[in-house]
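Okay, so here's the structure we're looking at.
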Amino acid sequence: MKISPPLTQEELLHRCYQIAGKTLGMLAQEMGQQTPSSLVYAKGWIGQLIEKTLGANAVNLDQPDFIDLGIELKTLPINAQGVPCESTYICTASIPNQDTHFEQSRVFRKMAKMLWIPVEDTQNKPIADARIGTAILWSPPTAIKNQLRQDWEEITELITLGHFENLSAHIGEYLQIRPKAANAKTFIQVIDHQGKQINIVPKGFYVRTKLTRQIVQEHYAC
DNA sequence: ATTTGATCATTT
DNA sequence: AAATGATCAAAT
């Protein structure tokens, strides 16, 4: 069952409203899929199910999920306290760095307009029973965008200078960089600040829950 | 091989 | 408990 992409933002939001309140089990059945009993070997299953349901057309491309609308879709696991409980993957970090300005960067191209789909956390319940929440269409307000730019610049500078030894997940208020690979023995070759070729594990950019908690809270406050 | 979809597992 | 580091599968 292949679903065509929504032609407008309104159509996309309408599709979101139609799945809000449904459980993952219901949605999987409608899409003719089996619900996995565990996410251990199906970590991206929820996101991919919702992408297909909504008609995302940039699956596995280095572009926002809904290319023509410039909207990036993210599922957001929400715990029993109503709070996002995991960080959000944004994109891989190209090393050597290729983006000179934040606005043109891979990170910002995806974060300029995001559609957050809250989904009940599946830690303590069957995956099929987790309910889908109300979508939040979001663009970073100026203050947050500025902080994201600052985080991005700090991380990007270390990459550009080749100071990989100082690159860590502790940097950044909202944005962070972490390993992103099949496992810790996966390497890419890079040139460090001394001009020496070294091996490091590939990295990806993530958004901390500090930001997603804020987004969720502000959205449901009004 | 790489980028996507993320969550799991361990450390702090 | 929260954050960091490690890992798994699909698509191309």
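Chain naming here is simple, since letters A, B, ... match the order of the sequence lines and numbering starts at 1 in each. Note: hydrogens, waters and symmetry copies are ignored here, and every other heavy atom, side chains too, is used.
- Backbone-only contact: G47(A) has heavy atoms under 4.0 Å from sugar-phosphate atoms and none from a base.
- You can see that DNA chain B meets the heavy atoms of chain A within a 4.0 Å-exclusive cut from dT3(B) to dC8(B), reading 5' to 3'.
- Annotation for V59(A): hydrophobic cluster partners, listed by chain and number, are none (ILVMFWY side-chain heavy atoms under 4.5 Å, direct or chained).
- Sorted by residue number, the members of residues 163-184 of chain A with any non-hydrogen atom under 4.0 Å from DNA chain B read R178(A), K180(A).
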Working note: D62(A) + R106(A), criterion salt bridge (charged side-chain N to carboxylate O under 4.0 Å, His left out); need CA distance, chi angles, decisive distance, verdict. CA-CA 8 Å; D62(A) 187 12; R106(A) 221 176 198 175; 2.9 Å; yes
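- Between V40(A) and F187(A), the residue anchored closer to the 5' end of DNA chain B is F187(A), taking for each the nucleotide with the nearest heavy atom.
- A search for ring pair (Phe, Tyr, Trp, His ring centres under 6.0 Å) contacts involving H101(A) returns nothing, not counting sequence neighbours.
- Taking every nucleotide of DNA chain C with any atom under 4.0 Å from a non-hydrogen atom of chain A, the first and last of them, 5' to 3', are dA3(C) to dA11(C).
- Residue pairs meeting the salt bridge (charged side-chain N to carboxylate O under 4.0 Å, His left out) criterion with at least one member in residues 157-184 of chain A, sequence neighbours excluded, are E173(A)-K210(A).
- For the atom pair CD1 of I198(A) and CZ of F164(A), the computed distance is 6.0 Å after rounding to the nearest 0.5 Å.
- Y17(A) meets the side chain to side chain contact (heavy atoms under 4.5 Å, CB included) test with L13(A), T134(A); sequence neighbours excluded.
- A search for side chain to side chain contact (heavy atoms under 4.5 Å, CB included) contacts involving T8(A) returns E10(A), E11(A), not counting sequence neighbours.
- Atoms CG and CD1, from L61(A) and I67(A) in turn, are 5.5 Å apart once rounded to the nearest 0.5 Å.
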I'd like to know whether V207(A) forms a side-chain contact (heavy atoms from CB on, under 4.5 Å) with L175(A), so could you lay out the CA-CA distance, the side-chain angles of the two residues, the decisive distance to 0.1 Å, and finally the verdict. CA-CA 5 Å; V207(A) 165; L175(A) 197 64; 4.2 Å; yes
Working for side-chain contact (heavy atoms from CB on, under 4.5 Å), residues Y206(A) and I177(A): CA-CA 6 Å; Y206(A) 293 77; I177(A) 192 160; over 6 Å; no
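- For the salt bridge (charged side-chain N to carboxylate O under 4.0 Å, His left out) test, residues two or more places apart in sequence or in another chain that qualify with E72(A) are K74(A).
- Toward the 5′ end of DNA chain C lies the nearest nucleotide of R208(A), the other residue of the pair G44(A) and R208(A) mapping further downstream.
- The aromatic rings of H163(A) and H193(A) sit parallel to each other, their planes meeting at less than 30°, with 60° as the upper class boundary.
- By the side-chain hydrogen bond (donor to acceptor under 3.5 Å, both in side chains) test, N146(A) is found to be paired with R149(A), residues two or more places apart in sequence or in another chain being considered.
- One N or O on the side chain of D151(A) and one on the backbone of Y174(A) form a donor-acceptor pair closer than 3.5 Å.
- Near-neighbour residues of DNA chain B inside residues 85-110 of chain A, defined by a heavy atom below 4.0 Å, number-ordered: E86(A), S87(A), Y89(A), C91(A), T92(A), R106(A), K110(A).
- For R109(A), the CZ atom sits in a packed shell: over 12 heavy atoms of surrounding residues, nucleotides or ligands are nearer than 6.0 Å.
- Of the residues in residues 59-77 of chain A, those with a non-hydrogen atom less than 4.0 angstrom from any atom of DNA chain B are N60(A), L61(A), D62(A), D65(A), E72(A), K74(A), T75(A), P77(A).
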